[in-house]
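For reference, the structure is listed below as structure tokens.
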Number of protein chains: 2
Amino acid sequence: MEFLEGKAKFIESWGKMASDWGINRTMAQVHALLLIAPEAMTADQVMEELDISRGNANMNIRALMDWGLVHKQLKSGERKEYFFAEKDMWTVVRQIIINRKKRELEPMIKALDEIASVEPLTPESEHFCEVVQDIRKFSNKANQTLDTLIKAESNWFTNMFLNMVR
Amino acid sequence: MEFLEGKAKFIESWGKMASDWGINRTMAQVHALLLIAPEAMTADQVMEELDISRGNANMNIRALMDWGLVHKQLKSGERKEYFFAEKDMWTVVRQIIINRKKRELEPMIKALDEIASVEPLTPESEHFCEVVQDIRKFSNKANQTLDTLIKAESNWFTNMFLNMVR
DNA sequence: TTTTGTTTTCAGAATATCCTGAAAATTATG
DNA sequence: CATAATTTTCAGGATATTCTGAAAACAAAA
């Protein structure tokens, strides 16, 4: 496969996977582009390469910085801002875990805690409470595990994988 | 909190979380409804409770069966079909892992394998190949780990959590 | 076979999400 | 301060996704 074909395919696949996971496709494509860029890029270069508008490029670069996946680089003597992606895969995954946990898992746990105050007075509400308790326990365990994962070192993560498949 | 309020909140939260994760909101709401239903329900009951159309109910119940999260129950002497959700949380999570792995992770790995045939002939393609290799290694490890998880027993999963937070 | 109850399909409508591009805001430079 | 370069915003347009409802298909019962 040619480099340019591979590059296009990589950007496309990364975007596809992201949109399956509820993440803006273009944001993921910008991320893919910066991941494989050997040097930091300007917003103009991103617009050009992905053929998207200035507003779109700006919005998604900013979102990627919010996620902690992309950083700004200022070059002395230049006014333009340059951007580059975090390349260490474990750090990338960790940042994604941190963000999704905060945005999605924690609100869900909060909602479940409130819901858990329902009294099991009827057969219907009794069953309801049981299901909610199960999910609560599960979510809390997942939350704790993710906290541990977030604190863990890269090699620890590798080791966990190896342990599990052994 | 009152039961009916809790029920509504649960269905709403479950749907919200699902749509964050790229899953149809209504599908998740149907799932939530069946999870907390003490008895199997008909499509009509689902339509009624969630205030959705027949077509929508049918489509999403069917999708949930494809995911292995909902099953059909036939009552003797009745023509209507009844549906109930798998309630064991570990089984639910496992089914979701199985499906998403097959639909998303495996195609990504396949794409990466193809992309990996790019030759690192220039500085740009050299860096590209490095990034792709990193992601490939990571994806393959994740894939193996998920295979192990899928085969694992429920209590093993609990133990893993406990091990990790220790 | 005909009737009746039930499920499935799918074109078009409704909605949610994303993108554009030009203007406004911001910031550096002369 | 005035000018120029750059970034940000956001209303309106474009696109993608989801939903409806009625008709078709199917299947049990008469």
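Within every chain, numbering begins at 1; the chains are lettered A, B, ... in the order of the sequence lines, protein sequences first and strands thereafter.
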| task | Check the pair A:Trp14, B:Ile135 against side-chain contact (heavy atoms from CB on, under 4.5 Å), reporting the backbone distance first and the verdict last. | result | CA-CA 11 Å; A:Trp14 202 247; B:Ile135 296 174; 3.9 Å; yes

| field | Note: A:Lys7-A:Glu49 ion pair, threshold 4.0 Å (strictly below) | value | yes

| C:dG5 C1' sits how many Å from B:Tyr82 OH, rounded? | 13 Å

| message | Rounding to an integer number of Å, can you tell me how far B:Ile52 CD1 sits from C:dT7 P? | response | 14 Å

| remark: Per atom distances to the A:Arg79 side chain, the nearest of D:dC19, C:dT20, C:dA28 is C:dA28

| said: Looking at C:dT7, I'd like to know if its phosphate oxygens (OP1 or OP2) sit under 4.0 Å from a side-chain N or O belonging to B:Asn58. | reply: no

| field | Separation of D:dT8 C1' from A:Asp44 CG (nearest whole Å) | value | 14 Å

| note | Here the distance between atom C1' of C:dT26 and atom NZ of A:Lys80, to the nearest Å, is 15 Å

| query | Rounded to the Å, how far apart are B:Met47 CE and C:dT7 P? | reply | 11 Å

| said: Under a plain distance cut-off of 3.5 Å, with no hydrogens placed, do A:Asn140 and A:Arg136 share a side-chain donor-acceptor pair? | reply: no

| message | In this structure, how many angstroms lie between the C1' atom of D:dT8 and the CD1 atom of A:Ile61, rounded? | response | 12 Å

| remark: Side-chain atoms of B:Asn56 come closest, of D:dT20, C:dT7, D:dA29, to D:dT20

| request: Taking atom types as modelled, find out whether B:Asn143 and B:Asp147 have a side-chain donor-acceptor pair closer than 3.5 angstrom. | output: no

| said: Do B:Phe83 and B:Met41 have side chains that approach each other closer than 4.5 Å (heavy atoms only, starting at C-beta)? | reply: no

| task | Remember a base hit wins even if backbone is also touched, and classify A:Arg62 as base, sugar-phosphate or nothing at under 4.0 Å, heavy atoms. | result | sugar-phosphate

| Among C:dT20, D:dC19, C:dC18, which nucleotide sits nearest the side chain of B:Met59? | D:dC19

| request: Between A:Glu81 and A:Ser19, name the one whose nearest nucleotide on DNA chain D is closer to the 5' end. | output: A:Glu81

| message | Can you say whether a donor on the side chain of B:Arg54 sits under 3.5 Å from an acceptor on the base of C:dT7, or the other way round? | response | no

| note | From CG of A:Asp66 across to P of D:dT8 the rounded distance in Å is 11 Å

| query | Can you tell me how far P of D:dT7 sits from CZ of A:Phe83, to the nearest Å? | reply | 6 Å

